[in-house]
Amino acid sequence: MQRYTPAEIEARWQDAWEKKSVFKAVRSEDKPKYYVLEMFPYPSGRIHMGHVRNYTMGDVIARHKLATGHNVLHPMGWDAFGMPAENAAMAIGGHPKDWTYGNIDDMRAQMKPLGLSIDWSREFATCDPEYYGQQQALFLDMLKAGLVYRKEAVVNWDPVDMTVLANEQVIDGKGWRSGAEVERRALTQWFFKISDFSEELLEALDGLENWPAKVRLMQENWIGKSRGLQFAFSTVDAPDGHDRIEVYTTRPDTLMGASFVGISPDHPLAKVLERENPQIAAFCAECRRGGTTEEAIEKAEKLGFDTGIKVRHPFDTAHEMPVYIANFILMDYGTGAIFGCPAHDQRDFEFATKYDLPIISTYLPSEDADEALAAAYVPPKTEKVFYNRGFAGEQWQTGFEGIETAIDFCEANGVGQGVTKYRLRDWGLSRQRYWGCPIPVVHCETCGVVPENKENLPVELPYDVSFDTPGNPLDRHATWRDTTCPSCGGKALRETDTMDTFVDSSWYFARFTAPRAGTPTEAEDVAYWMNVDQYIGGIEHAILHLLYSRFFARAMHITGHLPKSAIEPFDALFTQGMVTHEIYQTRDAKGRPVYHLPEDVTDGRLADGTEVEIIRSAKMSKSKKNVVDPVNIIGAYGADTARWFVLSDSPPERDVEWTASGAEAAYKHLARVWSLAERIGGMEGAGEGDDDLLRAMHRTIHDVTLGVESFGFNAAIAKLYAFTATLQKSKAGADAQKQAMLTLAQLMSPMTPHLSEEIWARLGQDGLITTAPWPVADPAMLVSDTVTLPIQVNGKRRGEITVAADLGKDEVERLALEEANVARTLDGAVPRKVIVVPGRIVNVVV
RNA sequence: GCGGGCGUGAUGGAAUGGUAGACAUAUCGGACUUAAAAUCCGAAGGCCCUUGUGCCGUGUGGGUUCGAGUCCCACCGCCCGUACCA
C-alpha cells in the first residue's frame, strides 16, 4: 500500500490542470456563466492564512460551479498601489515599483501551490500602466460627465515633516515619524460626487437580497438619510453679512427647549470672528489640533467658546440665546450650525452643564415626572409624549405626533422648511503621495485646470524619484511636473496628487472581464461576464470599498463602460471572518512585551525553557508575531490539508483560530481517506448492508451539496467526517464501497482537489474529477419509513417513540401518552393539550 | 462617541422556534507493541456518598411561547468599521 504523499500528488495534478487549461475562462453561449471573485490581495510580499481561507472559499464555490456545468470566471490580480511600498522605500531603500513587483512574484509563487482554480491569464496589477492608464481614461470620462470636481478639504498636516499624513500615520494626535502635534489643514482636492447618488445607493440596497443583512444595514446607516427642519435664527450684534444663522435639526419638536446656538470652527461666521478676535483665533486653532478621524473628533472633550453674539428664538423673539463656537460641530454635515436643546439631547446637556447654560425642558418622560432632570430626556420621535412647556400657540401645548407634524407646523408659521439630508459625504480621491495612479490633469497658467488628452494616456509615474525627504516626490520632480497645456500649448504644471487606492479597487472586477482591452472595458465581455455572481471578502470592507464600487458601477454606466444591468455589480456577497492565532509574550528587562512566533514555542516554552504568557487569540499580525506562514504548512502537510483546515473548524463568516493540532488533525484525516481509498480500490466480491451504505451516501450528497451552496463549509466537512467513518465501518460489497468512495472523493474535491483527483485516477476513472459532473442525491434514498419522535411533558424531554413516518396525529398522540416514562411522569394527570409536530416532536401540556 | 456584529463543554464549534453539545481538538481508558510513536476501538457538559431516562445548564437580568441557544427589551464583555490602512 502506498503512502499519502501530498507534495508529489499536488504538483502533478496542478500540472495536469494547467496543461488542459481547465480553468481558462472563454466566453461561450452553451453553458451558463458564473463569475466568482474574492477581494484581490495587497502584495505585501507574503501570503497569510487569511488569504488561504479567502481564496479557498472562493475556490470551493468555483470548483462546485465548474462541476455543475457552469462556465466559470475565477480571476486573480493585485491591489498594488499604496503606502506600504513608499514606507518600505523610506525604511529600507529601493523603489516602490521594484518592491511591489518583487512582492507580486513572490506571492504568486506562494499562491500557486494552493491549487486554486484561477484563470491566471487574466492576472493584472493595479500599478500596471496598462491598468491605471484605463483608470485615467475613466477619470476623464467622469470629469466630462460632471461626476468629479474640486473643493477644499482638511487633511492631517505634520508641521515638522511638512507633509500630509494618513490617519494611520497619526498616533495619539501626533505624527508617527516626527512626533509633532498634528494639525488640520485645508487643501484643494478632487472629489467624486457620490453624494448625488445617496438616495439611489440607499434605495437599491433593498434589491441586494443575497447580501448579508448586516452589510446592507451598515451601508444604510452610513448613507444616513434624515428628515428635518432647516431654518434661520436672526442674529444680534453679528458682523455684516451674518444677520442670519442657518441651522438644520432632526428634532424641530424640541425647538422650544433651545438654549444656545453652536457653530463649527470652520463656519464662515467663525472665520470672520477669527480674524477680528485673537482669543477666538486661538480657540479655533485649538479646535484644529488633532487628527481628522470621526472617532477622534467625537471622542474629544466637548469645547465651546462664547462669541458674544446672540440670536433670537424664531417663535419668541424676546428670547435671546448665545452663539458658541464648538469643536464637535462638523462643517461637512447639515449647515455647520445647530441649536442646542440640553433638556432633550445628552451631548447638549453636557455642554450646557459645562458652560452653565439654561436647561429648558419641554417634554417630560411622564405626566407626573419631576421637572428637574439629571440627564437629558430624549423623547421618542414617533410617539406623542407629555408636553410640559409652551409659549407660542396651541400646537406647542399639545405636542406633535411625529417629526413631520412639527415640520408642517414650523413651515405654516414661516419658520424654515422640511429638508432631507444625507450623512454620506463626497469621496475625496486626492492623495499627496507618489505610489498611486496620477490624476490626469494639468494646471495651466492661462487655462486653469485642463484634462490631459486621452491619446497621452497613460500619464506614467516617473521612475527616477527619491524618498529621502518627506512629502510627495512628484512635487520635487521638475521634468515630470513641468509640462505644456493640452489646450493652449503654454507652460503648465502636472497635477502631482495621485488617486486614492480605493479608486483602483472600485472597478477591477469589471476589468477582469477583458483585462487587456484598449478601453476600460469591452462591451461584449462585460455584457457576458458581469455581474459578479459571488463576491467574497472581509467584513472590514462592508462600507467603503463596497459603497465606492456601487458608485463606480453607476458612474461607469453613465460614461458608457458598463450596461445598465451592471450598476449593482455584485449579485451575492459573502463576508468571511479572519484567521486568528494565540499571541505568545514574554517581558524584557524594562517590562515591555516581547512577542514570539508560534514556531518558536513548544508546549508554552521557548527553546531555552522560558515560559511564555499566552494572550487571547487575535488576528494574525506581524507586530504581534502570531503568524503562521502558509508556505510552511503547505511544505509540511500539503495544500489540501491547509485548505481542509481553514474550512473545517469555524463557520466561514466567523473568525477561525489556527491551531497546530487542528492542522495535524486535518492531515491525519486526509491520510485516513487516502488509505481507505487504497483498501477499497483492492476490494472484490459481495458483502452486507449495501443499501444502508448507499442511503448514507445519498444523504451525504444532499447535505454536503447544501452546505457548499450555502457557505456551510464547516457543516459540510462534519458530514464528510461522519460519512468517512460510516464507509470505514461498512461491510458492504466492493461495488457499493467503490461507488461510495468515488462519491466521497467528488464531494471532497472542491476542498481537497488534488487528493480527490488522485483517488479518482487510482480507482480507475477516466478524465479529471474536477470536470466530472457533480453527484446528485436520489430523493427516494433520502426518505425513511420510520421516524423517532421525542416526547416532552411541559417542555422537558421525558421519552421517545419510533413510529411509521406517515402515522396520523391522533395515533401519534395516543402512542406518546402510552410511553412508559411519559405515563409515569404524568402520573394519572389529564393533559390539557397535546401538541404534535409531525416528524419533529410531541409536547404534552399538563 | 457613533454604526454593525459576536458571546454554547477544557477548546473550535453543531442545532428550518422542536431531543442542546453533531463533527473535531485536547483528555482519559482499552487493543496492537519488548517499549514508544503511529494506527484502531471506547468514554466523556456540570451536580449528587439520593445514580434517578433525577436536578441544573447556551454571558447577566427580564419578557413572548405548549416549547427559546434561536424571537423581543435592558445590561456586561469582546471584535470590526468610523471616510488618507488595504
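What you are looking at is a predicted structure, and each value in this text was computed from that prediction instead of being measured. So you know, we letter chains A, B, ... as the sequences are listed, proteins then strands, and number each from 1.
At whole-Å resolution of the value, CZ in A:Arg797 and C1' in B:G69 are 18 Å apart. Protein atom CZ of A:Arg840 is 14 Å distant from nucleotide atom C1' of B:A20, rounded to whole Å. Protein atom CD of A:Gln169 is 8 Å distant from nucleotide atom P of B:C85, rounded to whole Å. The interatomic distance linking A:Trp435 (CH2) with B:A86 (P) rounds to 13 Å, in whole Å. Atom C1' of nucleotide B:G21 and atom CG of A:Asp649 are separated by 15 Å, given to the nearest angstrom.
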Side chain to side chain donor-acceptor pair (under 3.5 Å) between A:Tyr535 and A:Thr575: does it pass, once the steps are laid out?
CA-CA 8 Å; A:Tyr535 195 34; A:Thr575 54; over 6 Å; no
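In this model, the phosphate group of B:A14 is approached by a side-chain N or O of A:Asn714 to a distance below 4.0 Å at OP1 or OP2.
With hydrogens and angles ignored, the 3.5 Å screen pairs no side-chain donor or acceptor of A:Glu183 with any backbone N or O of A:Asn156.
In this structure, A:Phe502 reaches the bases: a heavy-atom distance under 4.0 Å links it to at least one base atom across the strands shown. Contact annotation for A:Gly428: backbone-only contact, meaning every heavy-atom pair under 4.0 Å involves sugar-phosphate atoms and none involves a base.
No donor-acceptor contact under 3.5 Å links the side chain of A:Asn167 to the base of B:C84. Contact of A:Gln792 with B:C66 (side chain to base): no donor-acceptor pair of N or O atoms is detected under 3.5 Å. The base of B:G1 sits with one of its N or O atoms less than 3.5 Å from a complementary donor or acceptor on the side chain of A:Glu294.
Between A:Asp497 and A:Arg433 no salt bridge is recorded (no basic side-chain N to carboxylate O distance below 4.0 Å). Between A:Arg53 and A:Glu38 there is no salt bridge, since none of the side-chain N atoms of the basic residue sits less than 4.0 Å from a carboxylate O of the acidic one.
Look at the C1' atom in both B:C79 and B:U25: the space between them is 24 Å, to the nearest Å. Taking atom P on both nucleotides, B:G12 is separated from B:A22 by 15 Å, rounded to a whole Å. Rounded to whole Å, the separation between the C1' atoms of B:U70 and B:C6 comes to 14 Å. Nucleotides B:A20 and B:G9 place their C1' atoms 11 Å apart, quoted to the nearest Å. Between B:U39 and B:U33, the two C1' atoms lie 12 Å apart (nearest whole Å). Between the P atoms of B:U34 and B:C28, the separation comes to 24 Å (whole Å).
Remark: A:Lys151 qualifies as a cation-pi partner of A:Phe191 under the 6.0 Å distance and 45° angle criteria applied to the six-membered ring.
Taking the six-membered ring where tryptophan is involved, the planes of A:Trp507 and A:Tyr131 are essentially parallel, since the angle between them stays under 30° and well short of 60°.
A:Trp644 places none of its side-chain heavy atoms less than 4.5 Å from the side chain of A:Tyr667.
Comparing A:Lys299 and A:Arg798 along RNA chain B, the residue whose closest nucleotide (by nearest heavy atom) sits nearer the 5' end is A:Lys299. The 5' end of RNA chain B is approached more closely, in terms of each residue's nearest nucleotide, by A:Thr659 than by the other of A:Lys833 and A:Thr659.
Base pairing in RNA chain B gives the following stems of 3 or more Watson-Crick or G-U pairs, range against range and under 3.5 Å: B:1-7 with B:76-82, B:10-12 with B:23-25, B:27-31 with B:39-43, B:45-47 with B:54-56, B:59-63 with B:71-75.
Ring centroids of A:Phe349 and A:Phe351 are separated by 6.0 Å or more, keeping the two rings apart.
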